[in-house]
Amino acid sequence: MGSRILKLHTAFLLGAVLLGSTPALAETVLHRGNAGEPQTLDQAHTSINIEEFILKDLYEGLTIYDASGKIVPGAAESWTLSDDALTYTFKLRQDAKWSDGSPVTADDFVFSFQRVEDPKTAAEYANILYPIKNGEKVNKGGLAAAELGVKAVDAKTLEIKVERPTPFFLELLAHQTALPVSKASVEKNGADFVKPGVMVSNGAFKLVSHVPNDNLVVEKNPSYWDAANVKLDKVVFYPIDDQAASVRRFEAKEMDLVYNFSADQIDRLRTSYSDQVHVSPTLATYYYAFDSRQEPYSDVRVRRALSMAVDRDFLAKEIYSGSQIPAYSLVPPGIDTYGAPAKADFADVSQLDREDKAIELMKEAGYGDGGKPLNIEIRYNTNPNHERVATAVADMWKNTFKAKVSLVNLDVSSHYAYLQEGGKFNVARAGWVADYADAENFLALNLSTNKTFNYGHYESPEFDALMAKSYAETDPAARSKLLHEAETHLMADQPVAPLLTQADLWLVSSRVQGWHDNAANQHLSRFLSVSQ
């Protein structure tokens, strides 16, 4: 009897040990391919989505995008808007904490927004917060940072005044530039506040390690207010811009998510992986910018000719396997407050007739076959899709204008850093994903005052004036009309040549739960889980 009890007791203990070692209790890790190395993890200097994906796991703004891409409360549990639509009052969550356990306060947000607009910070994306009262004046040195329209009413109440009614303001507050920093951490650590082991964050995860060009690891933040509902213990981001390598790692089950795989693989991957292949239409435009500071790209005839000679149908169908659509407007379709975008006047002309007109324009300008030689360098960020587009466009310009076209590429961080820092070029590939669903977000890229994203340094007093009127207009219909006039002017001048309206290409392992395709391309890891 005693021997039997001992055996049962031993069996029970052994079962407990085995149960404790089952995969169900193992660490839950999501492996995310991230398409490139981030330039920065500083909110004030971020500008691209591969940084955004990481930052939004680490930090939480006043508002956030939920799993379906809708704006919902984040660090703020609620807010009210005054009758004149000029004053927002946010109530921060009482249990909102930084990863070091200290409370997230209204002062942290005041400090963060002032830091972005302070000209000494030189934030590349400061204009995203210009709707805040005095935002632009502070950023341009006309007022002290303390004059920015943000105020801590008490530790958990934040008041924000805006210059004018801004229907998309809650979306702006979900942008990566509007993510808060810990005032105490930044004041103590300076620029080092972004480093692993130093960073203090308020999001669902905290930074553990970062090996540049290899991996970046975040783990669950136990101080996060909603930590109980975060199903992942750890997320590993892999900054791989080699699309073929990313796909191979997905197929080897080494990565659960791959962002921006090569479009020519869509059919093959769908055959093998079915609904794990996601092609998600989004508010994004793929375009080429012309450097209008130098000849011949300072000549509108040359810009129009080059744009007209690009066969966008070929790019969409042959290079992107129909996953993108031809674009003749900078603003993509699908923005409810704007309606149908204003297309270039050659949008409905056949490609052959377009090319004939392009040749005439180029001859008028004195370039091309029979004129001055046309030597063009196309810059793009390293990516097989972008290389194929550049190669195809180069062939189109060679065949149409007898141009000599060369290609140069840099990794994504270096490419955009070069453009944002004012580097000279001939033609450069760029893409813009909506920060918020409003036409202004796309059109403002070409304002002469936009020193960061007006890559080609386009200057048009007429365009600037139309945009200025739109900012002062409070009637939605009248504002939309002004924005259409501005886009019509822009598409006539072609400082940028829109080529494609984009879709986001993702590979999502069947292990991943909670994934929802959405036009905002927002996929916070806190809403995801993985099956073992």
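In what follows, every heavy atom counts, from backbone to side chain, and hydrogens, waters and symmetry copies are set aside. This is a predicted model, so every value here is computed, not measured.
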NZ/NE/NH1/NH2 to OD/OE distance under 4.0 Å, D118 and R115 = no
request  = Show the numbers, then the answer: is there a ring-ring contact (aromatic ring centres under 6.0 Å, His included) between Y273 and F250?
outcome  = CA-CA 11 Å; Y273 297 99; F250 178 84; 5.7 Å; yes
note = In this structure, OG1 of T382 is separated from CG of N409 (nearest 0.5 Å) by 4.0 Å
message = Salt bridge check, R93 against D226: does any charged N sit closer than 4.0 Å to a carboxylate O?
response = no
ask   = Near D336 CG, under 6.0 Å, is it more than 12 heavy atoms from other residues, nucleotides or ligands?
value = no
ask   = Is R429 positioned over the aromatic face of Y286, cation under 6.0 angstrom from the ring centre and no more than 45 degrees off axis?
value = yes
query = Considering all heavy atoms of both residues, which atom of L507 and which atom of L269 are nearest to each other, and what is their separation?
reply = CD2-CD1, 4.0 Å
request  = Verify side chain to side chain donor-acceptor pair (under 3.5 Å) between Q265 and Q243, making sure each step is shown before the conclusion.
outcome  = CA-CA 10 Å; Q265 296 294 303; Q243 294 182 328; over 6 Å; no
key: Residue among L58, V208, V236 satisfying side-chain contact (heavy atoms from CB on, under 4.5 Å) with V218   = L58
task = Could you point out which residue of D107, T89, L62, V153 forms a side-chain contact (heavy atoms from CB on, under 4.5 Å) with L158?
result = L62
task = Identify the residue among Q276, R511, H31 that makes a side chain to side chain donor-acceptor pair (under 3.5 Å) with D256.
result = R511
request  = Scan V162, D438, I128 and name whichever one has a side-chain contact (heavy atoms from CB on, under 4.5 Å) with L172.
outcome  = I128
query = For the atom pair CG (D84) and OG1 (T474), what is the distance rounded to the nearest 0.5 Å?
reply = 11.5 Å
task = Kindly determine whether K91 and T157 satisfy side chain to side chain donor-acceptor pair (under 3.5 Å), including the steps that lead there.
result = CA-CA 5 Å; K91 288 292 183 182; T157 308; 2.9 Å; yes
Test: E147 and K137 ion pair at under 4.0 Å = no
request  = Using modelled atom types only, decide if a donor and an acceptor are shared between the side chain of Q502 and the backbone of T282 within a distance under 3.5 Å.
outcome  = no
inquiry  = Tell me whether R379 forms a cation-pi arrangement with Y418, defined as NZ or CZ under 6.0 Å from the six-membered ring centre and within 45 degrees of its axis.
reply    = yes
remark   = Sorted by chain and number, sequence neighbours left out, ring-ring contact (aromatic ring centres under 6.0 Å, His included) with H523 holds for W506, W515
inquiry  = Given the ring of F205, does R526 sit roughly above its face, with NZ or CZ under 6.0 Å from the centre of the six-membered ring and within 45° of the axis?
reply    = no
key: Y238 six-ring face occupied by R249 cation (under 6.0 Å, within 45°)   = yes
request  = Using the side chain to side chain donor-acceptor pair (under 3.5 Å) rule, take S47 and Q420 through it: C-alpha gap first, then chi angles, then the decisive distance, then the call.
outcome  = CA-CA 10 Å; S47 64; Q420 290 168 12; 3.1 Å; yes
ask   = Can you list every pair that meets side-chain hydrogen bond (donor to acceptor under 3.5 Å, both in side chains) and has a residue in residues 168-185, with sequence neighbours left out?
value = T46-Q176, H175-T177, H175-D435, S185-N189
message = I need the full list of side-chain hydrogen bond (donor to acceptor under 3.5 Å, both in side chains) pairs touching residues 209-222, with sequence neighbours left out, sorted by first then second residue.
response = E37-H210
key: K469 atom NZ, over 12 foreign heavy atoms within 6.0 Å   = no
query = Taking all non-hydrogen atoms of both residues, which atom of P495 and which atom of N446 are closest, and how far apart?
reply = CG-OD1, 4.1 Å
